[in-house]
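The block underneath contains the structure these notes are about, expressed in structure tokens.
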Amino acid sequence: MAGKLKREYYLGDNVVSIARSLLGKTLMTNIKGVITGGKIIETEAYSGLVDKASHAWPNKKTARTEVMFEPGGIAYVYLCYGIHRLFNIVTNVKGKPDAVLVRAIEPTVGIEHIIKRRNAKKLTEKLSSGPAKVSSCLGIDLDHNTQPLTGRKIWIENGIENHHSIVETTRIGVDYAGEDALLPWRFYIKDNSYISRK
DNA sequence: TCGACGATGACCT
DNA sequence: GGTCATCGTCGAA
């Protein structure tokens, strides 16, 4: 049932399998008392040690990537194209900069607030089918960067164990990574309509 | 300091 | 299909 994922879950050393196992779980936020959440539909894994697509490659610590070197179980949120906030889950132990990008959710909790945040009239697939849209739906902002996922502002709950087929494919928007762009490190729930792209 | 650029999305044709 | 908004980050100077 709906238990909050514990710190140990995020400390695992295989970011690819964590990205896969996050599908179907529920990402939740509490923004000044407004609780919203959605089922995780699509994720991508990024591994700072071996993966050119990662901001932390090759094991590169800067002011921005520092958060990924912390022990898993905290949020990495960064500004993309000067406009969009992209939410990642830091994984692995201290000093191993891995993270999982959440690319799409299916809204399940506080849907009326999600619709309002997106300036929409009703719930459609388009509202949360992309990484920047996920942050917008759930009210995730840059001040969530470094926030623990074991706290009260943002967290992840075990989904009800429903069976779903998983599609594994290449990541989006990482052409700059050369052959690492070909790694099958993007995962999504098959036949779910909230997928960001086919 | 300064300049190039990005793990995107909204809107247009 | 194409354009472009908009600003923090990072490496060069």
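Labels below follow one simple rule: chain letters A, B, ... track the order of the sequence lines, proteins then strands, and each chain is numbered from 1. Computation of the quantities below employed the complete heavy-atom set of this structure, encompassing side-chain atoms and omitting hydrogens, waters and symmetry-equivalent molecules.
- In this structure the side chain of A:P107 reaches within 4.5 angstrom of the side chain of A:L123, judged on heavy atoms.
- Contacts between residues 12-24 of chain A and DNA chain B, counted as heavy-atom distances below 4.0 Å, involve no residue at all.
- Counting non-hydrogen atoms of neighbouring residues, nucleotides and ligands closer than 6.0 angstrom, the CD atom of A:E112 exceeds 12 such neighbours.
- Contacts classified as side-chain hydrogen bond (donor to acceptor under 3.5 Å, both in side chains) and involving residues 141-152 of chain A (residues at least two apart or in different chains) are given here: A:R85-A:D141.
- Residues A:W185 and A:E44 have side chains not in contact (no heavy-atom distance under 4.5 Å, counting atoms from C-beta outward).
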Could you walk me through whether A:R103 and A:Y188 pass side chain to side chain contact (heavy atoms under 4.5 Å, CB included), step by step?
CA-CA 9 Å; A:R103 289 191 55 90; A:Y188 62 84; over 6 Å; no
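- Interface residues of residues 125-132 of chain A facing DNA chain C, ordered by number: none; criterion, heavy-atom separation under 4.0 Å.
- Sorted by first and then second residue, the side-chain hydrogen bond (donor to acceptor under 3.5 Å, both in side chains) pairs with a member in residues 4-13 of chain A read A:Y9-A:S21; sequence neighbours excluded.
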Take A:R117 and A:I31 through the side chain to side chain contact (heavy atoms under 4.5 Å, CB included) test and state the conclusion after the steps.
CA-CA 12 Å; A:R117 283 182 183 140; A:I31 312 293; 3.6 Å; yes
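- Listed by residue number, there are no residues of residues 190-198 of chain A with a heavy-atom contact under 4.0 Å to DNA chain B.
- Side-chain contact between A:I195 and A:V167: absent, with no pair of heavy atoms (C-beta onward) separated by less than 4.5 Å.
- Inter-residue side-chain proximity for A:P71 and A:L11 is flagged as met; some heavy-atom pair is nearer than 4.5 Å.
- In this structure, A:Y46 and A:H55 have side chains that are not in contact, with every pair of non-hydrogen atoms separated by 4.5 Å or more.
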Is there a side-chain hydrogen bond (donor to acceptor under 3.5 Å, both in side chains) between A:K153 and A:N30? Walk through the geometry before answering.
CA-CA 5 Å; A:K153 291 183 177 173; A:N30 181 340; over 6 Å; no
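- Side-chain N or O atoms of A:R171 include one that pairs as donor or acceptor with a backbone N or O of A:A45 at under 3.5 Å.
- A single hydrophobic cluster is seen to contain both A:L49 and A:V16, as judged by linkage of ILVMFWY side chains at heavy-atom distances under 4.5 Å, directly or through other members.
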How is the base pairing of DNA chain B summarised as a dot-bracket string, given the Watson-Crick and G-U wobble criteria with both distances under 3.5 Å, [ ] for crossing and | for another strand?
||||||.|||||.
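- Residues A:L101 and A:L86 are in side-chain contact: their nearest non-hydrogen atoms beyond the backbone lie under 4.5 Å apart.
- In terms of modelled atom types and a separation under 3.5 Å, the side chain of A:K52 and the main chain of A:W57 share no donor-acceptor contact.
- Within the 4.0 angstrom heavy-atom criterion, no nucleotide atom of any strand lies near A:R85.
- The local environment of NZ in A:K96 is sparse, with at most 12 non-hydrogen atoms from other residues, nucleotides or ligands closer than 6.0 Å.
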Produce a footprint string for nucleotides 3-13 of chain C: one letter per nucleotide, 5' end first; B if the base is under 4.0 Å from any protein heavy atom, S if only the sugar-phosphate is, - if neither.
--BBBSSSS--
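- You'll find the side chain of A:H113 stays beyond 4.5 Å of the side chain of A:T29, heavy atoms only.
- Side-chain atoms of A:S17 come within 3.5 Å of backbone N or O of A:N14 as a donor-acceptor pair.
- The side-chain heavy atoms of A:L27 and A:L22, taken from C-beta on, include no pair separated by under 4.5 Å.
- Once you apply a 4.0 Å limit to the heavy atoms of chain A, the touched nucleotides of DNA chain B run 5' to 3' over B:dG6 to B:dA10.
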Considering only distance and modelled atom types, tabulate donor-acceptor pairs under 3.5 Å from the side chains of residues 87-95 of chain A, sequence neighbours left out.
residue, atom, partner, partner atom, Å
A:N88, ND2, A:Y76, O, 3.3
A:N92, ND2, A:D98, OD2, 3.0

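- The stretch residues 175-183 of chain A has no heavy atom under 4.0 angstrom from DNA chain C at all.
- Between the side chain of A:S128 and the backbone N or O of A:Y194, no donor-acceptor pair lies under 3.5 Å.
- Within residues 92-109 of chain A, the residues having any heavy atom closer than 4.0 Å to DNA chain B are, in order of number, A:L101, A:R103.
- With sequence neighbours left out, the side-chain hydrogen bond (donor to acceptor under 3.5 Å, both in side chains) criterion links A:R186 to A:E42.
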